[in-house]
Structure formats: C-alpha cells, structure tokens
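These notes are about the structure you will find just below.
Side-chain atoms are counted along with the backbone in the values below, which use heavy atoms only and exclude waters and symmetry mates.
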Amino acid sequence: LEILPRYGNFRLQPGENKEMMVTIKNKEKKTVSVKPNIVIPPFSEYIMDKEWITVTPASADIPAEGSQKFTLKASVPEGASVGYYNAQVAFTDEEIPSPYPQPVPNYVNSFSLSIDVWTPPVIQITTPYISDQLEAGREYDYEIKLKNTGDKEIAIAPKMSQENNMYYGPYGAAESAFPDSAITITAPKSIPAGTTGSVKIHVKVPADSKGMYNGMIDLGIEDPSLQRFGGAGGVNLNFNVWKQPTDPFVKSFALKQPSSVTIEISSSYFGDLYKLAMLGAGMGAGNAKEPSFEIYLENGTGKAELSLEKTVIKGGVSMGGQIPPWEMDSTGIYQDMGTQHIETYKANIPAGEWNLKVLPRDTDRFEYTITIGE
C-alpha cells in the first residue's frame, strides 16, 4: 500500500483538536481490506490514550489499483500535560520481520503521528535575551518585563545561574570577562494576576575586565509551560566588554598639487561579528550608544579646516530568530539590529604630506574613504 503522507504533526493546546486527510493507494492486483488500528508506544515520557485519535472510516475494502481517503482527527483533552506525544496508525496487521524481539510491532502499512501539546506560559517573559557591548569601568541598567496572564499571583525568585563564568572562544573554554558578583538583581517577590512586573538588572563592569561574558538569570518561576521555553524561566545574558581607544587611527596620504579632498567615515553596521551572531540567534542589543568620531586632517604645519557636509544614519530591524507563539501577532517582536553612522567632510588643502586622524567613540569598527578631487 502507498500511504500519503506517511508522517503528520499537530501542535495543539489542551482542549483543541485538528484533523488531516490520509490517502491510501492499493497497488496490489486484488482488493485489500484496511482497518486502522491506533498503536501507542509504551516507552515514552508522554503517553497519550488511544481515544485521542479517531480515524474515519473505521474500515474499508480498497479495490485493486484503487484508493481510499481517511480522515484522521486528534483531540487533546483538557488537563493534558504539556509535552511531545507519539502514535502510530497501522492500516493492516502486516509486520516488518525482525531477528530480535520488538516491544512494539513495526507495521508495514502505517502512518506516524506526533502531537506537540503546549500552553502559553502564564508568565510571559518579554525579554528572553539581553546582549550588549559594554565598556570596561562603566555601569549599565536593563529591565526584564514579566506579564502574569493568569488569575493567580505567581511567585518569582530571580538569581544568577550556577553555570555561568565561562564561555567558549576560538580556542575552547575561556575565562569570563567579569564575575557574577558584578550583576545586581532587584525584583518583587511575586507578580499579581493580570499585571506586569519588572526585574531590574544592574551591571557594574570592572575597570580591568575584557572579553566575553555569557550567563543566565534563573527567574525561578513555577510555571510548567515554561519547560518548553527555558525551564523555570531563564534570561540569557551575552556581553562583549571592550575599552574606548585613547590614541587615534592615522592614515597618511600625499597630494602632488592643491586639491579638494572628501573624507567619508562610516561606523560598522553590526559593530562586530559577536553582535551579528547574537542577532542571528534572535538577541537584540540593549544599551548600545550612537557611534561618533573625532576627525582631524593635519600636515607638518597645522590642521586643515574640515567642513561637515552631511551625516547619514542607517539602521535595520529584525523580528528575531524564533518568535514565541504568543508573540505571533505582536508589535513587541521588533529588534533594532544596529545603526550605521556615515559622516562626510570636505576640505581644500595644499600639496604635501597629510595625516588623517580618526578617534572613534562607541564603535569597534569603522571604514574610511579619502577622495582627492571632485
């Protein structure tokens, strides 16, 4: 028999149901009698009852070279536990031979069904990730909003996870940029029903720190639905710590004759590869400052007068790598991917050797263009 399709998946909440069509084609030269049988694997974390699945018609005689359509309906009862459930619909009792005893027969003419039973978390974490580029010696504040959509007050107990302080770089495990003690958490003990509460995060970056910090805040929420979205409610922290430069970048160039010069300086769009990786994972930057530049054009006798001709600000918006089901129709999914600043300067300068000096602020990468002449 040819069974189309062979596999199916439903994503249902308790109390919901869904159905699909399965077509069976008889490629034999004779009529084949088909009677769907629901088979539940006995060894699984979550085991459904056979009553969850109904197949109609209950039986059929499919003529040679003929076909029969079956309607498969799955109904998840109220109160079902959140989890992944599996079942098999055997349309005939033919089994695939096996040299070893099998706990469950492997049927030849079967359809496999998986049901993902889920419920929206009662506590919705609107900020599941915090990623940012931090400067050593400075302090930063973040906010995690928790919305209680239930009808009961829910206790929370935010704390730093015990599995922090290490990250993996290009050469394996590396020491964290700063310890967990640099992070202070301020939060209420509970979130009343129907309200939104805030967990305040304060990061005091040590002056001698550098590198990466990867950690997690365990919000300590007793909500079974959150097992599908980070256990007891986890907020990932990803920080890149760096220091502002004190000496400018210098680029030398020569003019053979007096000329107008156009200089364009642009900050990196994503900041660095770290930020780009965070965006690919659906993590947005938090306290990123707008980049700026101190620009000088000098020769051996002094500075040229630079005129700022224009400033261009470019940006991009991401809707995240993975959107939670309860956010599908929400405008809260937008994340600012980053901002690029482009500044254009002009000057009329005499012939000779010149140095372009650029001191960047709040960006770890930039590009420059020197155009001589109109």
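- Atom-to-atom distance recorded for E95:CD and S110:OG is 11.0 Å, nearest 0.5 angstrom.
- Of the N and O atoms on the side chains of D132 and Y142, at least one donor lies less than 3.5 Å from an acceptor on the other residue.
- Relative orientation of the F366 and F293 rings is perpendicular, given thresholds of 30° and 60° on the angle between their planes.
- In this model, no donor atom of one side chain and acceptor atom of the other lie less than 3.5 Å apart for T262 and E264.
- For the 3.5 Å distance criterion, the side chains of S114 and N9 qualify, holding a donor opposite an acceptor.
- Of the inter-residue distances, the one linking T371 atom OG1 with K346 atom NZ reads 9.0 Å to the nearest 0.5 angstrom.
- Scanning both residues, F178 and Y213, for their nearest heavy atoms gives O-CD1, 3.4 Å.
- D49 and Y85 are not linked by any side-chain donor-acceptor pair at a separation below 3.5 angstrom, with hydrogens and angles left out of the test.
- In this structure, the side chains of N109 and I24 stay at 4.5 Å or more apart for every pair of heavy atoms.
- There is no side-chain donor-acceptor pair under 3.5 Å between E353 and S252.
- A distance of 4.5 Å separates CD1 in I263 from CG in L356, rounded to the nearest 0.5 Å.
- Residues L359 and Y345 do not share a hydrophobic cluster, defined by chaining ILVMFWY side chains whose heavy atoms lie under 4.5 Å apart.
- With 3.5 Å as the limit, one finds a donor-acceptor pair spanning the side chains of D61 and S33.
- Open room surrounds CD on E305; 12 or fewer heavy atoms of other groups in view lie less than 6.0 Å from it.
- Environment of CD in E294: crowded, with over 12 heavy atoms of neighbouring residues, nucleotides or ligands closer than 6.0 Å.
- At least one side-chain heavy atom of L113 sits less than 4.5 Å from a side-chain heavy atom of I53.
- Between A136 and A207, the shortest heavy-atom contact is CB-O, 3.6 Å.
- Considering only heavy atoms from C-beta on, K29 comes within 4.5 Å of E65 through its side chain.
- In this structure the side chain of F10 reaches within 4.5 angstrom of the side chain of L72, judged on heavy atoms.
- Criterion: ILVMFWY side-chain heavy atoms under 4.5 Å apart, direct or through other members. Under it, I265 and F249 are part of a common hydrophobic cluster.
- Note that the NZ atom of K50 and the CD1 atom of I40 stand 7.0 Å from one another [nearest 0.5 Å].
- Using modelled atom types and a 3.5 Å distance limit, the side chains of D362 and Q244 yield a donor-acceptor pair.
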Quiz item: Between E2 and K27, does a salt bridge (Lys or Arg N to Asp or Glu O under 4.0 Å) hold up when you go through it step by step?
Solution: CA-CA 7 Å; E2 180 181 352; K27 293 190 173 183; 3.0 Å; yes
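- At a threshold of 4.5 Å between side-chain heavy atoms, the hydrophobic network of Ile, Leu, Val, Met, Phe, Trp and Tyr places Y140 and I217 in one connected group.
- With a 4.5 Å cut-off on side-chain heavy atoms, L4 and K25 count as touching.
- The nearest pair of heavy atoms linking L146 to I191 is O-CG2, 4.0 Å.
- With ring centers used as reference points, F70 lies 6.0 Å or more from F111.
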